[in-house]
Amino acid sequence: MICEICGKKPVFSIKVAHQRMYISGRSNRKIKPNLHSTTIIDKGVKKRITACTRCMRTNRKNNKIRK
């Protein structure tokens, strides 16, 4: 689960539960990047990679990824 272009990977944080104005509990959560399989053209060769949607959008503007 890692973007092959930018290296984005899951991060961990703490979810805080509130009961009115008081904190009633904390629990761990894992935030995952939005990854998709896509085809990229690298030096005239089609290559299948896993990329995040931000990289797909940026590279689509540069005409490197085909949908």
Side-chain angles (χ1 to χ4, degrees):
M1 290 184 73
I2 189 167
C3 176
E4 295 179 26
I5 297 173
C6 68
K8 192 181 285 187
K9 57 187 178 182
V11 293
F12 296 91
S13 69
I14 296 174
K15 182 168 59 171
V16 179
H18 296 275
Q19 188 71 20
R20 296 192 184 217
M21 62 180 190
Y22 302 106
I23 295 174
S24 61
R26 294 171 193 253
S27 60
N28 296 328
R29 75 178 281 217
K30 184 181 192 183
I31 302 170
K32 298 182 233 174
N34 191 5
L35 299 175
H36 293 277
S37 292
T38 186
T39 305
I40 188 171
I41 299 173
D42 187 28
K43 298 176 185 171
V45 179
K46 284 186 180 180
K47 206 165 133 181
R48 194 100 172 133
I49 63 165
T50 303
C52 64
T53 52
R54 173 56 59 185
C55 291
M56 288 173 62
R57 181 178 172 179
T58 302
N59 287 327
R60 190 175 294 129
K61 290 179 182 179
N62 298 333
N63 294 326
K64 292 184 181 176
I65 289 182
R66 292 203 164 176
K67 191 169 183 182

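One is the number of the first residue; the rest follow in order along the sequence. Fair warning: this is a prediction, and the values are worked out from it, not measured in the lab.
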Approximate separation, where rounding is to 0.5 Å, of [X] [atom1] and [Y] [atom2]:
X   : Y   : atom1 : atom2 : value
R54 : N34 : CZ    : CG    : 11.0 Å
N28 : K15 : CG    : NZ    : 10.0 Å
T38 : I5  : OG1   : CD1   : 8.0 Å

- Task: Return the minimal non-hydrogen interatomic distance between K30 and P10, and the atom names on each side.
- Result: CE-CB, 3.8 Å

- Message: If I compare all heavy atoms of R48 with all of S37, which pair ends up nearest, and what's the gap?
- Response: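 R48 and S37 have their closest heavy atoms at NH2-CB, 3.9 Å.
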
- Message: Is any side-chain heavy atom of K47 closer than 4.5 Å to one of T39?
- Response: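 Side chain of T39 against side chain of K47, heavy atoms only: no contact under 4.5 Å found.
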
- Task: Using a 4.5 Å cut-off on heavy atoms from C-beta on, say whether the side chain of C3 contacts that of L35.
- Result: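 Heavy-atom side-chain distance check passes, below 4.5 Å.
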
- Item | Positive for side-chain contact (heavy atoms from CB on, under 4.5 Å) with H36, one of I49, T50, T53 |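 In the set I49, T50, T53, the residue that makes a side-chain contact (heavy atoms from CB on, under 4.5 Å) with H36 is T53.
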
- Message: Could you go through K8 and I2, starting from their C-alpha distance and side-chain angles, then the distance that decides it, and tell me whether this counts as side-chain contact (heavy atoms from CB on, under 4.5 Å)?
- Response: CA-CA 6 Å; K8 192 181 285 187; I2 189 167; over 6 Å; no

